[in-house]
> 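Supplied in structure tokens, the structure appears directly below.
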Amino acid sequence: GPQVVGAGDLPAVVRLSCSKVSKDSCPIESRCAAVGVCGSLGQACNDEELLTSICISFLGCFKIQPHEVLLANAGLDALMDAFGEDEPFRNAPLARLKVLSRVKQFLPTFKELVGQNRGSFSKAELTDFLDTQSNAKRFIEYKAGVGVPE
């Protein structure tokens, strides 16, 4: 039968999921799924070191080619899900890795890539991309407002 993953296995699961996110040889859909897993793990995690690893994997989604807009969107969404709460162990990796300024710098590129590849996406995907951009701006404002440095 299926194996049960215990709390002690969390570091290994995080490492495996994060490695799939950054693996260029994996299909975009698989990488997006791995981002989603990392986002869920991040929400359930209160270990600053693991959260830092998860955060680094999300930042890797921002170095994208035009065909990777879906991955960038998934990375932004998962970042906001995993780090949305105002808790010191969540805010510390954001500050240390200068995530707010990196997201702020990435958003115009993301918007441009979405616009340039508009015909490649469904109406639902385009709506999702616009929602992500808007939410990311609010995320930056909120986190800066609770003292996370840009």
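If you read the sequence from its start, that first residue is 1, and numbering goes on from there. Note that the coordinates shown come from a computational prediction; the quantities given were computed from them, not determined experimentally.
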> Mind checking the OG-CG spacing from S30 to L71? Nearest 0.5 Å is all I need.
11.0 Å

> If you define the side chain from C-beta out and look only at heavy atoms, does anything of F139 sit under 4.5 Å from L94?
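SC-SC contact between F139 and L94 confirmed.
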
> Would you confirm whether R90, through its side chain, and A82, through its main-chain N or O, come within 3.5 Å as a donor-acceptor pair?
yes

> Mind checking whether F89 and D47 have side chains closer than 4.5 Å, heavy atoms only?
no

> Does some side-chain heavy atom of D86 sit less than 4.5 Å from a side-chain heavy atom of Y142?
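Counting from C-beta outward, Y142 and D86 do come under 4.5 Å.
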
> Using modelled atom types only, decide if a donor and an acceptor are shared between the side chain of S57 and the backbone of I54 within a distance under 3.5 Å.
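Answer holds: yes.
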
> If we ignore hydrogens and angles and just use 3.5 Å, is the side chain of N135 paired with the main-chain N or O of D131 as donor and acceptor?
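Flag set: sc N135 to bb D131 pair under 3.5 Å.
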
> Heavy atoms only: give me the nearest L100-P149 pair and the separation to one decimal.
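In this case the closest contact between L100 and P149 is CD1-O, 4.1 Å.
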
> About how many Å separate CZ of F129 and OG1 of T127, when rounded to the nearest 0.5 Å?
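One finds 10.0 Å between OG1 of T127 and CZ of F129.
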
> Side chains of V35 and C61: does their closest heavy-atom pair fall under 4.5 Å?
yes

> Can you find a pair of side-chain heavy atoms, one from I28 and one from C32, that are under 4.5 Å apart?
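Yes, their side chains come closer than 4.5 Å.
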
> Side-chain atoms of residues 107-116: list all donor-acceptor pairs with protein atoms under 3.5 Å, sequence neighbours left out, distances to 0.1 Å.
{"residue": "E112", "atom": "OE2", "partner": "Q116", "partner atom": "NE2", "Å": "3.1"}

> From N73 CG over to E68 CD, what is the distance, rounded to the nearest 0.5 angstrom?
13.0 Å

> Rounded to the nearest 0.5 Å, how far does CD of Q105 lie from CZ of F62?
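Answer for the CZ-CD pair, F62 versus Q105, is 11.5 Å.
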
> Please determine if E141 and R138 form a salt bridge, counting it only when a charged side-chain N lies under 4.0 Å from a carboxylate O.
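Judged by the 4.0 Å cut-off on N to carboxylate O distance, E141 and R138 do not form a salt bridge.
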
> Could you grab the distance from atom SG of C38 to atom CG of L50, nearest 0.5 Å is fine?
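It is 10.5 Å, given to the nearest 0.5 Å.
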
> Does E150 have more than 12 heavy atoms from other residues, nucleotides or ligands lying within 6.0 Å of its CD?
yes

> Would you call L70 and F121 a side-chain contact if the rule is heavy atoms closer than 4.5 Å?
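In short, these two side chains touch, coming nearer than 4.5 Å.
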
> Decide, yes or no, whether a salt bridge links E48 with R96 under the criterion of side-chain N to carboxylate O below 4.0 Å.
yes

> Between the main-chain N or O of C26 and the side-chain N or O of R31, is there a donor-acceptor pair closer than 3.5 Å?
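Between the backbone of C26 and the side chain of R31 there is no qualifying donor-acceptor contact (under 3.5 Å).
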
> Quick check: closest heavy atoms across L51 and F83, and the distance to 0.1 Å?
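The pair with the smallest heavy-atom distance is O-CZ, 3.3 Å.
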
> Can you tell me how far apart CG (D81) and CD (Q43) are? Round to the nearest 0.5 Å.
4.5 Å

> Quick check: is L79 connected to L130 through a chain of hydrophobic side chains (ILVMFWY, heavy atoms under 4.5 Å apart)?
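No, L130 and L79 fall in different hydrophobic clusters.
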
> Could you please spell out the steps behind the side chain to side chain contact (heavy atoms under 4.5 Å, CB included) verdict for V69 and E125?
CA-CA 10 Å; V69 174; E125 287 171 327; over 6 Å; no

> Any side-chain heavy atom of L76 within less than 4.5 Å of one from F106?
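They are in side-chain contact.
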
> Taking all atoms of both residues into account, what is the closest heavy-atom pair of A136 and V103, and its distance?
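Closest approach of A136 to V103, heavy atoms only: CB-CG1, 4.3 Å.
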
